[in-house]
Amino acid sequence: MDFNRKFEHVVDGKQVIFDVTYNPQTHFFHVRETDDSEEYLLKFDMASRTWSIDGTSHSKISADELAALVQKNFGHFV
């Protein structure tokens with residue numbers, strides 16, 4: 001199984017490239033955006049069924065919007 005996806009999305013009129021890697025041990029997604037040297041984590045909390053972003057770098061879009069894009073590009077939905 002390929003654990004990496006790279007996809008584009010328009011945010012505030014700018015094309016942003018998301019480079020996302022799934023970690024099967026933690027079940028987190030490591031995300032790096034265009035022009036950002038630091039990555040952040042996209043996490044899903046099974047108990048509350050909510051998505052969140054964790055890390056020093058922050059996403060240009062909400063956790064829910066990013067989660068929808070990640071799920072679409074990986075072909076798996078929760």
Side-chain angles (χ1 to χ4, degrees):
M1 178 178 192
D2 184 8
F3 295 123
N4 187 272
R5 299 287 188 277
K6 192 177 258 191
F7 54 89
E8 298 178 5
H9 184 68
V10 177
V11 180
D12 297 328
K14 284 183 73 176
Q15 195 74 13
V16 177
I17 298 172
F18 293 88
D19 189 359
V20 182
T21 303
Y22 174 68
N23 183 326
Q25 281 76 38
T26 63
H27 302 291
F28 298 156
F29 293 91
H30 295 262
V31 181
R32 186 178 308 268
E33 296 179 14
T34 306
D35 301 329
D36 199 340
S37 61
E38 293 189 39
E39 67 179 30
Y40 55 87
L41 296 177
L42 176 65
K43 300 177 179 182
F44 183 70
D45 182 324
M46 291 294 283
S48 65
R49 309 226 12 108
T50 58
W51 289 94
S52 64
I53 293 172
D54 188 22
T56 56
S57 182
H58 297 287
S59 176
K60 292 177 176 62
I61 59 178
S62 71
D64 289 333
E65 186 178 2
L66 179 57
L69 290 170
V70 167
Q71 291 176 93
K72 176 183 173 186
N73 282 277
F74 274 84
H76 296 282
F77 296 89
V78 293

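Aromatic pair F44/F28: centroids not less than 6.0 angstrom apart.
For the residue pair E65 / H9, a side-chain donor-acceptor distance below 3.5 Å is found, with atom types taken as modelled. Side-chain contact, H30 with Y22: no donor N or O sits under 3.5 Å from an acceptor N or O.
Within a 6.0 Å radius of CG in D12, other residues, nucleotides and ligands contribute 12 heavy atoms or fewer.
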Quick one: do D54 and K43 satisfy side chain to side chain contact (heavy atoms under 4.5 Å, CB included)? Show the steps, please.
-> CA-CA 8 Å; D54 188 22; K43 300 177 179 182; 2.9 Å; yes

Yes or no on side chain to side chain donor-acceptor pair (under 3.5 Å) for D45 and T50, after CA distance, side-chain angles and deciding distance?
-> CA-CA 5 Å; D45 182 324; T50 58; 5.1 Å; no

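Follow the hydrophobic side-chain contacts under 4.5 Å out from F18 and you never reach L41; the two are in separate clusters. A continuous path of ILVMFWY side-chain contacts below 4.5 Å connects W51 to F7, so both sit in one hydrophobic cluster. Under a hydrophobic clustering in which Ile, Leu, Val, Met, Phe, Trp and Tyr are joined whenever their side-chain heavy atoms come within less than 4.5 Å, directly or via other members, V70 and M46 fall into the same cluster.
The two residues V11 and K60 come nearest to each other via the heavy atoms CG1-O, 3.6 Å. Closest of all the heavy-atom pairs between Y40 and G55 is CB-CA, 4.4 Å.
For the atom pair CZ (F29) and OG1 (T21), the distance works out to 10.0 Å, reported to the nearest 0.5 Å. Taken to the nearest 0.5 Å, the CD atom of E33 stands 7.5 Å off from the CG atom of L66. For the atom pair K14 NZ and T34 OG1, the distance stands at 8.5 Å (nearest 0.5 Å). Note that CG of D64 and CG of L69 are 11.0 Å apart. Values are rounded to the nearest 0.5 Å. Going from atom OG of S59 over to atom CG of L42 covers 8.5 Å, rounded to the nearest 0.5 Å.
Between V31 and E39 the shortest side-chain heavy-atom distance does not fall below 4.5 Å.
A donor-acceptor pair under 3.5 Å is absent between the side-chain atoms of R5 and the main chain of V20, judged by distance alone.
The pair D19-R32 does not meet the salt-bridge criterion, since no charged nitrogen lies less than 4.0 angstrom from a carboxylate oxygen.
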